[in-house]
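Here is the structure we will look at.
Throughout, numbering of the chain's residues begins at 1 and tracks the sequence.
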Amino acid sequence: MIARLKNFTSANSGSIRAYLSMMGGSAGRLVISLVYFIAIANTLSISEFGLFATASACGIMLSRLLAFGFVSPLYRIATVKTRLLGVYTAGFLGGMVLSAPVIALAAWATYALIFAGEMDGITFAKIILAEVLCWRLMEIAVIVSYGVNRFAAGAALVVIATTFKTVAAVLFTWLTDGSLEVWATYYILANDLAAIIAVAFFYPKIRLRWKPALYLRRWADAVSVAGAEMLFYVQSELDKVLVLSLGGPAAAGIYAMIMRLVDLTALPVRAFLTVLTQRLMRSSKMLDDVKTRFLLEGAVAAVSTAGLLGMAGFLWIFPTALGKNVSEVAPLLILVAMVPALRNLIEYHSELLYATGRTFIRMLVLASLAVAKALLLAWVLGMALDTPVWVGLLNAAFLVLYVQSALLTYRALRSIKQRPI
C-alpha cells in the first residue's frame, strides 16, 4: 500500500502540487467568504438578501455570454499553446465588445420579468455590472493563470479579490444604514478594484495580435461553450429565481442562505475539478477505467457531504456563530445533506464533457437539466408546503437531476471519440 502511494504521488506530483496551491487559496477564500457572508446576511434583511442573491445569480448567468464564450479557446490556448496567448486575448477583447449589446438587452429583459417592482433599476444594474464585467474579468485572469501553470498566482488572486468584497461588506456593516441600494454601490466598487488588480498585476504579460482567421476556426466551439456555460449556470442558479418568483423575497432569502452555506463546503471539490480538467484536456485515458470513474465520483461525494455535515454540526453546537439572521436558517441545513454531493457531481459531469471536447453535447445535457430542474422546483415550491418540508424535498429533486446527468454524460463519453484540441 505504501509503495503504491509513493508511486501514485511520484507519477502525479505536478497535479498534487497544483491542487495544494489551489487548496491554499480555497482555504483562505473559505475563511474570507465566511466573514463576507456573515456581514451581508446579518446586515441586509432576509428579504433584501434574497433579492441581492437572486440578482447576483442572474449576473453570473449573464456573465457567461461575455465574448460569446471565447474564454474557452483562450483557456485551451493558455494550457497547450501559450505562445498564441496574445492572439487569443485580442480575440477575447473583440468578442467582449460585440457581446455587450446582447448582454445589456438580456439584463433589461431579466429586470423587467423578475425584479421590476421589487428592486430599483440602478441597484440591479450595479449588481449585474459587478458580476458580468468586473468579477468575470477577474475570473478570466485566474483561468489563464491556471492554464499557464501559475496556480499559486491564480489562487492568490482569488483570495485578494474575495478580500476586497469582504472588506467592502464589513465597511458596509459599520458605516451605512444597511440598505440594499447602498450595498450595491459598495459591491460594484469592490469588484471594480478586483478587476483592475487582476488585469494589471496577474494577467500574463503579452503583446496583443489581431488574427481574425484563427478566431473564426474556434468560434463555433466558443459559442457552444458559451451556451453550455449559460445553461450550466441557469440550471445551477435557476432555483434562486424560482424561489423568488414562487415564494417571494423572504423565502428567497432563506433559500439563498442555505445554498450559500452549501457553496462554501464545495471549495475543495472545485479545486480538484480544475486539476482534473487540465489532465483530461491532455489525455482522457484515465476515464476508460470504470473503477476509476467510481472512485472519482465517490471522492467528490464524500468530500462534499463531509463539508456539509461539518458545517451543520458546528451550527448545531454554536447556532448564533454566523449571526442572528443565519441562526434562523441554520437548523434547516441538515435537511439538505445530500444536495452538496449531488450538485458537485453534476458539475463534475459537466467538466468531464468540457475537458474531453464534447462541448455541443455538454450544452444539450445542460439544457435538459435546466428544464428538468425548473419543473422539479416548480413542483416542490408550488405545493405551498411548510419550509422544512420543501427544503427536505430538495434532496429528491437533486437526486433525479444527478441520475439524469450521469446517464447522459457517461453515454456520451462511451459513444464519441475524443476531439482533438
Are the side chain of [X] and the backbone N or O of [Y] linked by a donor-acceptor pair below 3.5 Å?
{"X": "Asp386", "Y": "Pro388", "answer": "no"}
{"X": "Ser99", "Y": "Ala67", "answer": "yes"}
{"X": "Asp239", "Y": "Leu377", "answer": "no"}
{"X": "Arg362", "Y": "Ser350", "answer": "yes"}
{"X": "Tyr203", "Y": "Val144", "answer": "no"}
{"X": "Thr166", "Y": "Ile32", "answer": "yes"}
{"X": "Ser368", "Y": "Val365", "answer": "yes"}
{"X": "Asp192", "Y": "Cys134", "answer": "no"}
{"X": "Asn325", "Y": "Leu44", "answer": "yes"}
{"X": "Asn42", "Y": "Ala39", "answer": "no"}

Margin query: Check for me whether Lys165 meets the cation-pi criterion with Trp135, that is, NZ or CZ under 6.0 Å from the six-membered ring centre and within 45 degrees of the ring axis.
Written below: yes
Check: Which is it for Ser304 and Val300 under the side-chain contact (heavy atoms from CB on, under 4.5 Å) test, yes or no, and what are the steps along the way?
Finding: CA-CA 6 Å; Ser304 303; Val300 170; 4.1 Å; yes
[X] [atom1] to [Y] [atom2] distance, which is reported to the nearest 0.5 Å:
{"X": "Thr162", "Y": "Tyr36", "atom1": "OG1", "atom2": "OH", "result": "9.5 Å"}
{"X": "Arg83", "Y": "Ile206", "atom1": "CZ", "atom2": "CD1", "result": "14.5 Å"}
{"X": "Leu376", "Y": "Leu399", "atom1": "CG", "atom2": "CG", "result": "10.5 Å"}
{"X": "Ile40", "Y": "Glu48", "atom1": "CD1", "atom2": "CD", "result": "11.0 Å"}
{"X": "Arg136", "Y": "Leu62", "atom1": "CZ", "atom2": "CG", "result": "12.0 Å"}
{"X": "Leu369", "Y": "Ile346", "atom1": "CG", "atom2": "CD1", "result": "6.0 Å"}

Do [X] and [Y] have side chains that approach each other closer than 4.5 Å (heavy atoms only, starting at C-beta)?
{"X": "Ile334", "Y": "Leu309", "answer": "yes"}
{"X": "Leu342", "Y": "Leu401", "answer": "no"}
{"X": "Leu137", "Y": "Leu133", "answer": "yes"}
{"X": "Leu129", "Y": "Asn191", "answer": "no"}
{"X": "Glu139", "Y": "Val142", "answer": "no"}
{"X": "Phe49", "Y": "Leu180", "answer": "no"}
{"X": "Val380", "Y": "Leu385", "answer": "no"}
{"X": "Leu332", "Y": "Thr387", "answer": "yes"}

Next item on the list: Test side-chain contact (heavy atoms from CB on, under 4.5 Å) on Val35 and Val170 and set out the steps.
Entry: CA-CA 8 Å; Val35 175; Val170 172; 4.3 Å; yes
Checklist line | Stepwise salt bridge (Lys or Arg N to Asp or Glu O under 4.0 Å) check, Lys373 with Glu237 | finding: CA-CA 10 Å; Lys373 188 174 190 180; Glu237 305 290 344; over 6 Å; no
Next item on the list: Could you please spell out the steps behind the side-chain contact (heavy atoms from CB on, under 4.5 Å) verdict for Thr305 and Met338?
Entry: CA-CA 7 Å; Thr305 304; Met338 294 173 59; over 6 Å; no
Looking at every heavy atom in both [X] and [Y], which two are closest together, and how far apart are they?
{"X": "Phe164", "Y": "Ala190", "answer": "O-CB, 3.7 Å"}
{"X": "Ile38", "Y": "Ala321", "answer": "CD1-O, 4.3 Å"}
{"X": "Leu335", "Y": "Asn395", "answer": "O-ND2, 2.5 Å"}
{"X": "Met138", "Y": "Ala194", "answer": "CG-O, 4.1 Å"}
{"X": "Cys58", "Y": "Ile128", "answer": "C-CD1, 4.2 Å"}
{"X": "Tyr348", "Y": "Glu297", "answer": "CE2-CG, 3.7 Å"}

Next item on the list: For atom CH2 of Trp210, decide whether the heavy atoms of other residues, nucleotides or ligands shown that lie under 6.0 angstrom number more than 12.
Entry: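 Yes, CH2 of Trp210 has more than 12 neighbouring heavy atoms, counting only those of other groups under 6.0 Å.
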Note to self: For Leu175, is the CG atom crowded, meaning more than 12 foreign heavy atoms sit under 6.0 Å from it?
What the structure shows: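 Yes, because the 6.0 Å sphere around CG of Leu175 holds more than 12 heavy atoms from other groups.
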Margin query: I want to know whether Phe172 and Tyr187 have ring centres closer than 6.0 Å.
Written below: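 That pair fails the under 6.0 Å test.
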Next item on the list: Could you tell me if the ring centre of Phe70 sits under 6.0 Å from that of Phe92?
Entry: no
Item checked: Candidate pair Phe202 and Ile160, rule side-chain contact (heavy atoms from CB on, under 4.5 Å), full reasoning -> CA-CA 11 Å; Phe202 284 87; Ile160 291 169; 3.7 Å; yes
Note to self: Any salt bridge linking Arg343 with Glu347? Criterion: basic side-chain nitrogen under 4.0 Å from a carboxylate oxygen.
What the structure shows: no
Next item on the list: Ignoring hydrogens and angles, state whether a donor on the side chain of Thr320 or Ser327 is under 3.5 Å from an acceptor on the partner side chain.
Entry: no
Next item on the list: Would you tell me whether Glu131 and Ser56 have side-chain atoms, one donor and one acceptor, within less than 3.5 Å of each other?
Entry: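 A pair is found: one side chain offers a donor N or O, the other an acceptor, under 3.5 Å apart.
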Over 60° means perpendicular and under 30° means parallel, so classify the ring planes of [Y] and [X], tilted if in between.
{"X": "Phe318", "Y": "Phe314", "answer": "tilted"}
{"X": "Phe52", "Y": "Trp183", "answer": "perpendicular"}
{"X": "Phe151", "Y": "Tyr146", "answer": "parallel"}

Notebook entry, point to check: Between Phe398 and Tyr402, does a ring pair (Phe, Tyr, Trp, His ring centres under 6.0 Å) hold up when you go through it step by step?
Noted result: CA-CA 6 Å; Phe398 278 94; Tyr402 162 74; over 10 Å; no
